[in-house]
Each structure stands twice: as structure tokens, then as C-alpha cells.
Colleague: 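Encoded as C-alpha cells, here's the structure I'll be asking about.
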Amino acid sequence: MAQSETKSVTPLSVIIDAVIVIAFFAFIYTVVAPHVPSNDKKDIAIWGGLGAACMTGVFWLALQMLKTVFRGQRAAKHR
């Protein structure tokens, strides 16, 4: 069964994903950090960063799934 393989990961797509994910992390950090129950700046940075990192990981997975679904829908439409 011959099927044309298109490259799903390109250097440009990796750069675009990295920019989007970094921007999401920065946004979520600004939302989460004020809610850390501490007055110590170091604790706020650590726990705010860890909380933002968890949510950013979930966002990255959701972004990859969304791209895969769109790629599959586009391939099914062109068959």
C-alpha cells in the first residue's frame, strides 16, 4: 500500500510551537504567581514556575493533538 508521506515536523513548526508554548508559560506564570501563599520571592518563583510548567505541559499536549486532528481531517478531505 503506497501512501505519500509528508513531513509533519519541520524546523519552522518546532519554532512556532516553541514560541506559542513559551508565551503560554509566561501568561500562566503571571496568573499563578500571585496566588502562591508566601511572601518569599524565591518561593513564589519556584512554585509559580512549577504550577505554570504543569499547565504548559498539558497545553503542549493539547496543541499537538489539535495539530494531528487537523492534519487527519485535511488528509481525509483530499482522499
Side-chain angles (χ1 to χ4, degrees):
M1 183 179 236
Q3 189 176 18
S4 65
E5 295 270 337
T6 59
K7 214 172 183 187
S8 62
V9 179
T10 63
L12 180 63
S13 70
V14 171
I15 292 170
I16 291 171
D17 286 352
V19 168
I20 292 171
V21 168
I22 290 168
F24 183 82
F25 176 85
F27 170 70
I28 292 298
Y29 179 80
T30 61
V31 171
V32 170
H35 297 284
V36 175
S38 176
N39 292 328
D40 184 21
K41 298 278 185 190
K42 185 178 176 184
D43 283 347
I44 292 171
I46 290 171
W47 293 107
L50 288 172
C54 291
M55 290 183 224
T56 302
V58 173
F59 174 76
W60 179 80
L61 286 171
L63 180 64
Q64 299 309 310
M65 289 188 289
L66 181 69
K67 288 170 46 177
T68 302
V69 168
F70 282 157
R71 194 177 307 117
Q73 287 178 343
R74 189 174 34 206
K77 194 181 284 188
H78 292 302
R79 286 185 192 175

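Note that the structure is predicted; figures quoted are calculated from it, not measured. Because only heavy atoms are used, hydrogens play no part in the values below, and waters and symmetry mates are left out as well, while side chains stay in.
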Colleague: In terms of hydrophobic clustering (I, L, V, M, F, W, Y; side-chain heavy atoms under 4.5 Å; direct or indirect links), are I44 and V32 co-clustered?
Modeller: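 No, no single cluster joins them.
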Colleague: How about Y29 and T56: do any of their side-chain heavy atoms sit closer than 4.5 Å?
Modeller: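 No, their side chains stay 4.5 Å or more apart.
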Colleague: Please tell me whether I22 and I16 are part of a single hydrophobic cluster in this structure, the criterion being side-chain heavy atoms less than 4.5 Å apart.
Modeller: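 No, I22 and I16 fall in different hydrophobic clusters.
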Colleague: Give me the atom names and distance for the closest heavy-atom approach of S13 to S8.
Modeller: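 Looking at all heavy atoms of both residues, the closest pair is OG-O, 4.1 Å.
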Colleague: For D40, I'd like to know if atom CG has over 12 heavy atoms of other residues, nucleotides or ligands within 6.0 Å.
Modeller: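 It does: D40 CG has more than 12 such atoms within range.
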Colleague: Would you compute the distance between atom CE of M55 and atom CG of L50 and round it to the nearest 0.5 angstrom?
Modeller: 11.0 Å
Colleague: Give the ring-plane orientation class for F27 versus F24, where under 30° counts as parallel, over 60° as perpendicular and anything between as tilted.
Modeller: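 Plane angle between 30° and 60°, so tilted.
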Colleague: Using the rule that two of Ile, Leu, Val, Met, Phe, Trp, Tyr join whenever any of their side-chain heavy atoms come within less than 4.5 Å, decide whether F70 and M65 are in one cluster.
Modeller: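 They do not share one cluster, since no chain of ILVMFWY contacts under 4.5 Å joins F70 to M65.
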Colleague: Let me confirm one number: the CD1-CD1 distance from I20 to I15, rounded to the nearest 0.5 Å.
Modeller: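 Interatomic distance, I20 CD1 to I15 CD1, rounded to 0.5 Å: 12.0 Å.
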Colleague: How many angstroms lie between CG in L12 and CG in D17, if you round to the nearest 0.5 Å?
Modeller: 9.5 Å
